[in-house]
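Have a look at the structure below, then the notes.
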Amino acid sequence: MRSLNRRAWLGLAAVGITGASYAQWSNPADDVPAYHSSAPLKVSALPPILAGAKLTGDNFRYPWQVHVYQQVAKVGDVVYQLPCNCRCDRALGHTSLRSCFETLHGAECSTCAKEGLFAYEQTKLGKSPTEIRAAIARHEYESIDLGRQ
């Protein structure tokens with residue numbers, strides 16, 4: 001019995017050491033949300049960003065929600081190349097920030113909305129998608145005040 005107890009403790013220790021050593025080799029910075037590294041090809045059409053009458057109803061109670069969708073629609077190819085930090089790629093299967101605005105998700109999630117508006121503003125300032133991606137990684141979009149839109 002004592003030998004079995006000792007083996008169990010040794011097994012647990014081995015599992016713990018293995019887990020700890022794996023954590024040393026993983027880098028959280030390598031875990032970037034999904035995005036596309038270049039603009040979409042003109043070969044196939046992307047789903048549209050919601051617009052017009054689709055920007056009404058219970059999901060659009062605040063003016064900023066409609067405003068964000070309208071601005072994102074102007075930079076659709078840019079947001080296609082950006083990740084979304086709310087991690088909807090995991091939960092909803094989104095492939096980039098653009099996916100959030102092809103559905104109602106962009107109106108329901110303040111992270112997506114802030115990133116979308118940030119992408120629009122930065123594009124208008126002449127920033128490239130690569131520069132905007134880096135700024136999103138630094139969480140610069142968090143300074144956006146949706147209530148002031």
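Quick note: numbers below take in every heavy atom, side chains included, and nothing from hydrogens, waters or symmetry partners. Starting from 1, each residue takes its place in the sequence as its number.
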Requested in this report: Give a yes or no answer on whether the side chain of Tyr69 reaches the backbone of Ala107 with a donor-acceptor pair at less than 3.5 Å.
Outcome: yes
Query - Distance-minimising heavy-atom pair for Thr111 and Cys86 - result: CG2-N, 3.7 Å
Report task. Tell me, please, which residues at least two apart from Arg138 pass side chain to side chain donor-acceptor pair (under 3.5 Å). Result -> Glu140
Report task. Kindly check if the number of other-residue, nucleotide or ligand heavy atoms within 6.0 Å of CG (Asp58) is above 12? Result -> no
Query - Side chain to side chain, Leu117 and His67, heavy atoms closer than 4.5 Å - result: yes
Query - Nearest heavy-atom neighbours spanning Cys112 and Leu97 - result: O-CD1, 3.9 Å
Query - Closest non-hydrogen atom pair between Gln81 and Arg133, with its separation - result: O-NH1, 2.7 Å
Query raised in the report: Between CD of Gln71 and CH2 of Trp64, what distance do you get to the nearest 0.5 Å?
Result: 14.0 Å
Report summary line: Connected to Leu46, directly or through other members, by ILVMFWY side-chain contacts below 4.5 Å are Tyr80
**Report entry** Cluster check Leu92, Leu104: I/L/V/M/F/W/Y, side chain < 4.5 angstrom
**Finding:** no
Query raised in the report: How close do Ala119 and Ile132 get, heavy atom to heavy atom, and via which atoms?
Result: O-CD1, 3.9 Å
**Report entry** Positive for side-chain contact (heavy atoms from CB on, under 4.5 Å) with Phe118, one of Thr123, Leu82, Ile136
**Finding:** Ile136
Query raised in the report: Tell me, do Asn59 and Gln65 make a side-chain contact under 4.5 Å, heavy atoms counted?
Result: no
Query - Backbone N/O of Val72 and side chain of Arg98: donor-acceptor pair under 3.5 Å - result: no
Report task. Decide yes or no for Cys100 and Cys88: does some side-chain heavy atom of the first lie under 4.5 Å from some side-chain heavy atom of the second? Result -> yes
Query - Exam field: side chain Glu115 to backbone Tyr141, donor-acceptor pair closer than 3.5 Å - result: no
Query raised in the report: Going by heavy atoms in the side chains, are Val78 and Gln122 under 4.5 Å from each other?
Result: no
**Report entry** Euclidean distance, Leu125 CG relative to Glu131 CD, rounded to 0.5 Å
**Finding:** 10.5 Å
Query raised in the report: Could you state the interatomic distance from NZ (Lys114) to SG (Cys109), rounded to the nearest 0.5 Å?
Result: 10.0 Å
Query raised in the report: For Asp77 and Pro40, which heavy atoms make the closest approach, and how far apart are they?
Result: OD1-CG, 3.4 Å
Report task. Measure the CD1-CD distance between Ile49 and Glu102 for me, rounded to the nearest 0.5 Å. Result -> 7.0 Å
**Report entry** Atom pair CD (Glu121) and NZ (Lys124), whose distance is rounded to the nearest 0.5 Å
**Finding:** 11.5 Å
